[in-house]
Amino acid sequence: MFPGAAADRENANYALVGAPLDASTSFRPGARFGPRRVRTFGEQFDDYDRHTGQHFTDLSVYDHGDVGPTADTAEYLDFLTSAISEFDRDGAVPLLVGGEHTVTVAAIRALSPDIFVCLDAHLDLRESYAGDTLSHATVTHHALSVADRVVVLGARTGSEAEWNRADADDVTVVPPEDVADWTPDFDGTAYLSVDIDAADPGFAPGTGTPEPFGLSPREMRDVVRAVAPQTVGFDVVEVNDRDDGQAATLAAKLLRAYVFAHADA
């Protein structure tokens, strides 16, 4: 159970779901261990949040545990979409913990946001990667089939075709050096996804495809706090077991920052 979460599903304001999918990781596998590590490395934090004056244990976060993947990724996404939709109907804001970034597709399908906001080192605008249309490198492409607009913060790499697609009016890419000065400027509901590789790998080496020249934890936290009030859901993904807990610690802290900021809105 995520530290500070309650066991009462019926009265939950937030529902945390682990999604340990690790099917399409293209470099360093281990994302299947992400939910477990995020829970483990979240144990050290104080219950009280000085920034908002709230206690995490007062915010009715329910930990549903992990929804284990099936052999068929499309089938798994359907099942995960159904689970997230059920929490949404019950009035609990979904908090998804991956697992590879592909799990975000289920949340977007379930929640149908107007805007998809993503902290990510990669554009993820490929239609397929290595012949896989549900690769972790296709998430933003799938988001555009649901959302009217996407905003990718911290992106610093992608194929030529992806950068060309990113020039369209429905995509905004904010490079790492501009993220600190970025503020949300959109109407409608948003979904916020945090790929932990948005962080510079010096801060979060435990991820599948680390990319240098990334964001600082403080910059990521500030984005989470700014976007959270407009969101219908949140995820943090791509944490693996290839470090001493730096990535999982950051992920757990960002998840808490999201809950505090959303509840304080």
Is there a path of hydrophobic side-chain contacts, each under 4.5 Å between heavy atoms, that joins [X] and [Y]?
| X | Y | result |
| --- | --- | --- |
| Val93 | Leu254 | yes |
| Leu215 | Val174 | yes |
| Val194 | Tyr258 | yes |

Can you tell me how far [atom2] of [Y] sits from [atom1] of [X], rounded to the nearest 0.5 angstrom?
| X | Y | atom1 | atom2 | value |
| --- | --- | --- | --- | --- |
| Arg221 | Phe260 | CZ | CZ | 13.0 Å |
| Ser24 | Asp132 | OG | CG | 5.5 Å |
| His51 | Asp264 | NE2 | CG | 7.0 Å |
| Asp241 | Thr207 | CG | OG1 | 11.5 Å |
| Asp195 | Leu153 | CG | CG | 12.5 Å |
| Phe203 | Ile196 | CZ | CD1 | 12.0 Å |

I'd like to know if the side chain of [X] reaches the main chain of [Y], judged simply by a donor and an acceptor atom lying under 3.5 Å from each other, with no hydrogens or angles considered.
| X | Y | value |
| --- | --- | --- |
| Asp22 | Ala31 | yes |
| Asp46 | Tyr48 | no |
| Gln246 | Asp244 | yes |
| Tyr14 | Ala263 | yes |
| Asp197 | Ala121 | yes |
| Glu219 | Ser216 | yes |
| Glu43 | Phe2 | no |
| Thr25 | Phe27 | no |
| Asp8 | Glu10 | yes |
| Asp243 | Ala247 | yes |

Grab the two heavy atoms, one from [X] and one from [Y], that are nearest each other, plus how far apart they are.
| X | Y | value |
| --- | --- | --- |
| Pro176 | Ala155 | CD-O, 3.5 Å |
| Val173 | Val171 | CG2-CG1, 4.0 Å |
| Ala19 | Leu80 | CB-CD2, 3.9 Å |
| Val239 | Ala251 | CG2-CB, 3.7 Å |
| Ile108 | Ala143 | CD1-CB, 3.6 Å |
| Ala199 | Ala204 | CB-CB, 4.1 Å |

Non-hydrogen side-chain atoms of [X] and [Y] separated by less than 4.5 Å:
| X | Y | result |
| --- | --- | --- |
| Val237 | Val97 | no |
| Arg109 | Ile84 | no |
| Gln44 | Thr249 | yes |
| Met220 | Asp222 | no |
| Leu134 | His142 | yes |
| His101 | Thr104 | yes |
| Arg28 | Thr209 | no |
| Ile115 | Val150 | no |

Candidate pair His262 and Phe234, rule ring-ring contact (aromatic ring centres under 6.0 Å, His included), full reasoning: CA-CA 10 Å; His262 189 277; Phe234 170 84; over 10 Å; no
His122: ring-ring contact (aromatic ring centres under 6.0 Å, His included) partners, not counting sequence neighbours: none
Salt bridge between [X] and [Y], side-chain N to carboxylate O under 4.0 Å?
| X | Y | result |
| --- | --- | --- |
| Arg156 | Asp200 | no |
| Arg149 | Asp185 | yes |
| Glu160 | Arg165 | no |
| Arg36 | Asp66 | no |

Check this for me: [X], atom [atom1], are more than 12 non-hydrogen atoms of other residues, nucleotides or ligands nearer than 6.0 Å?
| X | atom1 | value |
| --- | --- | --- |
| Asp178 | CG | yes |
| Asp167 | CG | yes |
| Glu127 | CD | no |
| Phe45 | CZ | yes |
| Phe186 | CZ | yes |

Evaluation steps, side-chain contact (heavy atoms from CB on, under 4.5 Å), between Val259 and Leu95: CA-CA 9 Å; Val259 174; Leu95 309 171; 3.8 Å; yes
Checking [Y] against [X]: is there a side-chain donor and acceptor pair closer than 3.5 Å?
| X | Y | value |
| --- | --- | --- |
| Tyr191 | Asp235 | yes |
| Ser26 | His136 | yes |
| Ser85 | Asp88 | no |
| Asp114 | Thr189 | yes |

Non-neighbouring partners of Ser159 that pass side-chain hydrogen bond (donor to acceptor under 3.5 Å, both in side chains), sequence neighbours left out: Glu162
Residues forming a side-chain hydrogen bond (donor to acceptor under 3.5 Å, both in side chains) with Ser112, sequence neighbours excluded: none
Cationic tip of Arg256 above Phe56 ring, under 6.0 Å, 45° of axis: yes
Chi angles and distances behind the side-chain contact (heavy atoms from CB on, under 4.5 Å) call for Leu21, Tyr76: CA-CA 9 Å; Leu21 182 67; Tyr76 176 63; 3.9 Å; yes
Working for side-chain contact (heavy atoms from CB on, under 4.5 Å), residues Leu192 and Phe116: CA-CA 6 Å; Leu192 176 58; Phe116 175 62; over 6 Å; no
Verdict with supporting geometry, Asp78 and Thr81, side-chain hydrogen bond (donor to acceptor under 3.5 Å, both in side chains): CA-CA 5 Å; Asp78 288 343; Thr81 298; 5.3 Å; no
Chi angles and distances behind the side-chain contact (heavy atoms from CB on, under 4.5 Å) call for Val151, Trp182: CA-CA 11 Å; Val151 180; Trp182 178 85; 4.1 Å; yes
